[in-house]
Amino acid sequence: MHNRAVKKTIYFISVSTAYPIRSLHTAPAAHQNLGYPFQNSKTLDQLKQIHSLAIQKGLALDVSAYSKIISFCCAKDAGDMDYARHVFDTILEPNVFLWNTMIKGYSQTCYPEYAIVLYKKMLERNVKPDNYTFPFLLKGFNRDFPLECGKGTHAHICKFGFDSNEFVQQSLIHVYCLSGQIDMARLVFDTSKKSEAVTWNTMISGYNRMGQFEESRKLFKEMEKRALPTSVTLVLVLSACSELKDLDAAKHVHQCIQDGRIESNLTLNNALIDIYAACGQVNVALGIFISMNNRDVISWTALIKGYINAGQVDKAQRYFDLMPRKDSVSWTAMIDGYLKTNRFKDVLLLFREMQAANVEPDKFTIVSIITACAHLGALELGEWVRTYTDKLNIDCDIHVGNALIDMYFKCGDVEKATRMFHRMPQRDKFSWTAMIVGLATNGRGREALNMFAKMLNVSETPDEITYIGVLSACTHSGLVNEGRSFFISMTTQHGIVPNVVHYGCMVDLLGRAGLLKEAHKFIKDMPMKANTIIWGALLAACRVHKDVEMAEMAAKQLLQLEPENGAAYVLLCNVYAACKKWDNLRELRSVIMERGIKKTPGCSLIEMNGGVHEFVAGDTSHPQSQEIYLKLEEMTENLKLAGYLPDTSEVFLDISEKEKEKAVSRHSEKLAIAFGLLSSGPDVVIRIVKNLRMCTDCHHVAKLLSSIYERELIVRDRTRFHHFRQGSCSCKDYW
DNA sequence: ATAGGGTTAG
């Protein structure tokens, strides 16, 4: 009796008077803000002091005092599980509440497997779990956690008769969704009473997580008939409908809020901005943004995304500049805006600004930067980004890996791309597709097809992009029969209906093999209208196989679709030149002059010593221009010694032969090569990215230079790579 | 005494 009173006193002093429960719970946050390494040490120490005082004085604590200590130690983010365990182990017969609390505590740590260990111990000690036990236990399960644990726990839930408890069901649905077993989640959901909004919300959130947005929308419609949605429901359904670009859903939900049926909040408003932005209604998004009394970084970022979607990158930039605080997501959204509008140099500039602002990039940022490097052919910078990624301990996940594979290929480094692929712990269909497309465009058709066979072997399902890679592998390596059979099997074996790009690949394939009539028949039999790319492919084939008649027909079709298409005129000129039809060439040139047709200026990029250098034909704007032209003269001398004669047949302009030769000698890729030779050591591979097709003369010169200077040259043009080594090219002179 | 679901970007 006396003893009991003392215990009460201790409890009273420790919690209610000396250290009121409020302060015990609020203190950790304050410490956290100050950045203390051990957020809760002070209050936890106080608790421990009281505990040790009690032990010193020989005062026994009652169960409720132990419970307080243990629940405090098990509190989220501030706990000390070792201490909790220490106290817990001194209790002879812990009740189910204490077991639950310990399980909850471990579930929140990074060692949730201890929760399972404890649960098993609890059963060994003949304590029956109650309806609180399983939600706590399941909370510790996450994506990385073995699925068997989820299944085993489910069996226990049934055995102990909690499978009809809605809280338990919610936890089960959540865990099954996290581990990707959406069907199992649905099974539990279907057996549930579904009396609570949370049950519906959990299921909808699961569908969202799996990208099954249709299902989310369907479930919401069903829910509206049977249960009252909450603001969380609306956020979830907006998120799904944003992906589906369902403007009606946006308006419907918006109406629910405006009718006052559901109270709005910051998150919900953000979700509304996002969906209107995704549906191209950036002005409505702006209206919501303006009407909000408080906004966070997500509100701003969602609005900026809206302007980027609408193609108004500069307006997005203006809002971006106004942001009171920017996080890595906002920076990445803005960077992506430049990426999507092909402003790759702006991508790199913004990335530097981001670093100057001391915002750490995350893996999303890294993917964007690597993609920009890929477009610019900036291998050095890409490599630096990769090292930087390691340094910042950014998880090199499957997306980063895929981006790197693509970058290495787009920089012409087949070996590094291949090494990256083999080093990846996990691969998805995008990794395989990147390999197939990359090998194909780099002239390794056979290897690309081997890759494809391996992909099917590991049961990865190819998609339409994979087949573009497969077909272009056949094209680049002249494998006509293989190409024909892949074109059929893509439909019969994988149910992929060929689109206009696949037909384009086939025209390319047949055209390259000289089967111009068959290619033309292929176009005529297409189920869709041929576009300029299709006619362009045929026209290009006519140039190589010198078929004037077919070329004129293809050019006529092309120009009907796009009268101002300069490339079509250029190609036809090239055909006339190749066939020595000088009268036709002269006539066509005067037509071009009359109509004022403009040819896209050729432009070559080269990355050298940390910068990307850009050249156009006859460029004198480079700071080292004088040296470059001196190098060019030296190159020309060496070429002449090797028996080189300029090939001016593809010169577009009507000028004298001497001037044509001069024009050809100053093509952008030649300037870039000159710059590359004079600013790099003898073993450095020269990589150039060209926006158009290489002209015949430049191609010939590059081959000669690769042997004269004993240098590897890699030129990426619009559609393929040219690896120049010891006087020959990987494209085998078909391009 | 103890439970559950949410927004921005590849």
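Lettering follows sequence order; numbering is per chain, from 1.
Across all their heavy atoms, A/S107 and A/A115 have their closest contact at OG-CB, 3.7 Å.
Here the C1' atom of nucleotide B/dG6 and the CG atom of A/D296 are 13 Å apart, to the nearest Å. With rounding to whole Å, A/N270 atom CG is found 11 Å from B/dA9 atom P. Straight-line distance from the CG atom of A/D362 to the P atom of B/dT8: 14 Å, rounded to whole Å. B/dT8 atom C1' lies 12 Å from atom CD1 of A/I308, rounded to whole Å. Atom CD1 of A/I394 and atom C1' of B/dG10 are 14 Å apart (whole Å). For the pair A/I275 CD1 and B/dA9 P, the interatomic distance rounds to 12 Å; values are reported in whole Å. The nearest whole Å value for the distance from the CD atom in A/E243 to the C1' atom in B/dT8 is 12 Å. Put simply, CG on A/N309 is 11 Å from C1' on B/dA9, counting in whole angstrom units.
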- Report the C-alpha distance between A/Y119 and A/W99 in whole Å, list the side-chain angles of each, state the deciding distance to 0.1 Å, and finish with yes or no for ring-ring contact (aromatic ring centres under 6.0 Å, His included). CA-CA 8 Å; A/Y119 169 72; A/W99 285 103; 9.5 Å; no
- Before giving the answer on side chain to side chain donor-acceptor pair (under 3.5 Å), spell out for A/Y307 and A/Q317 the whole-Å C-alpha distance, their side-chain angles and the decisive distance to 0.1 Å. CA-CA 9 Å; A/Y307 282 111; A/Q317 176 77 57; over 6 Å; no
- Yes or no on side chain to side chain donor-acceptor pair (under 3.5 Å) for A/T202 and A/Q170, after CA distance, side-chain angles and deciding distance? CA-CA 7 Å; A/T202 310; A/Q170 287 160 7; 5.6 Å; no
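For A/V198, the listed nucleotide lying nearest its side chain is B/dG4; candidates were B/dG10, B/dG4, B/dT7. Comparing B/dT8, B/dG10, B/dG6 by their closest approach to the side chain of A/K363 singles out B/dG10. When each of B/dT8, B/dG6, B/dG5 is scored by its nearest atom to the side-chain atoms of A/I298, the top-ranked nucleotide is B/dT8. Side-chain proximity of A/T202 to the nucleotides B/dT8, B/dG5, B/dG10 is greatest for B/dG5. You'll find that the side chain of A/H399 is closest to B/dG10, out of B/dG4, B/dA9, B/dG10. For A/V400, taking side-chain heavy atoms from C-beta onward, the closest of the listed nucleotides B/dT8, B/dG10, B/dG6 is B/dG10. Set against B/dG5, B/dG10, B/dT8, the side chain of A/D336 has B/dG10 as its closest nucleotide.
Residues satisfying the side chain to side chain contact (heavy atoms under 4.5 Å, CB included) test with A/H399, not counting sequence neighbours, are A/V367, A/D397. Applying the side chain to side chain contact (heavy atoms under 4.5 Å, CB included) rule to A/F421 yields the partners A/I405, A/R427, A/S431, A/W432, A/M435, A/M451; only residues at least two apart in sequence or on another chain are considered. Contacts of A/F430 classified as side chain to side chain contact (heavy atoms under 4.5 Å, CB included), with partners at least two apart in sequence or in another chain: A/N402, A/D428. The side chain to side chain contact (heavy atoms under 4.5 Å, CB included) test applied to A/L187 returns A/M184, not counting sequence neighbours.
Among the heavy atoms of the strands, none lies under 4.0 Å from A/E166. A/D406 comes within contact range of no nucleotide atom at all, as no heavy-atom separation falls under 4.0 Å. Nucleic acid contact for A/T230: base, since at least one base atom lies under 4.0 Å from a heavy atom of the residue. At a threshold of 4.0 angstrom between heavy atoms, the contacts of A/K326 with the nucleic acid are absent.
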Atom pairs under 3.5 Å, N or O on each side, protein against nucleotides 1-3 of chain B: can you list them with distances?
{"from": "B/dT2", "atom 1": "O2", "to": "A/N100", "atom 2": "ND2", "distance (Å)": "3.4"}

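Note on A/R209: every side-chain N or O is 4.0 Å or more away from OP1 and OP2 of B/dG5. Considering only side-chain N and O atoms, A/S205 lies under 4.0 angstrom from the phosphate OP1 or OP2 of B/dG6.
Sorted by first and then second residue, the salt bridge (Lys or Arg N to Asp or Glu O under 4.0 Å) pairs with a member in residues 173-193 of chain A read A/R186-A/D190; sequence neighbours excluded. Pairs engaging residues 332-343 of chain A under the salt bridge (Lys or Arg N to Asp or Glu O under 4.0 Å) rule: A/D314-A/R343, A/R343-A/D346 [sequence neighbours left out].
Of all the residues in residues 184-194 of chain A, not one reaches under 4.0 Å from DNA chain B with any non-hydrogen atom.
Not a single donor-acceptor pair, N or O on each side, falls under 3.5 Å between the base of B/dG5 and the side chain of A/N208. Put simply, the side chain of A/T332 and the base of B/dG10 share no donor and acceptor less than 3.5 Å apart.
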N/O donor-acceptor pairs under 3.5 Å from side chains in residues 286-297 of chain A, not counting sequence neighbours:
{"from": "A/S291", "atom 1": "OG", "to": "A/I288", "atom 2": "O", "distance (Å)": "2.8"}
{"from": "A/R295", "atom 1": "NE", "to": "A/F289", "atom 2": "O", "distance (Å)": "2.8"}
{"from": "A/R295", "atom 1": "NH2", "to": "A/F289", "atom 2": "O", "distance (Å)": "3.3"}
{"from": "A/R295", "atom 1": "NH2", "to": "A/I290", "atom 2": "O", "distance (Å)": "3.2"}
{"from": "A/R295", "atom 1": "NH2", "to": "A/M292", "atom 2": "O", "distance (Å)": "3.3"}
{"from": "A/D296", "atom 1": "OD1", "to": "A/N270", "atom 2": "ND2", "distance (Å)": "3.1"}
{"from": "A/D296", "atom 1": "OD1", "to": "A/I298", "atom 2": "N", "distance (Å)": "3.1"}
{"from": "A/D296", "atom 1": "OD1", "to": "A/S299", "atom 2": "N", "distance (Å)": "3.0"}
{"from": "A/D296", "atom 1": "OD1", "to": "A/S299", "atom 2": "OG", "distance (Å)": "2.9"}

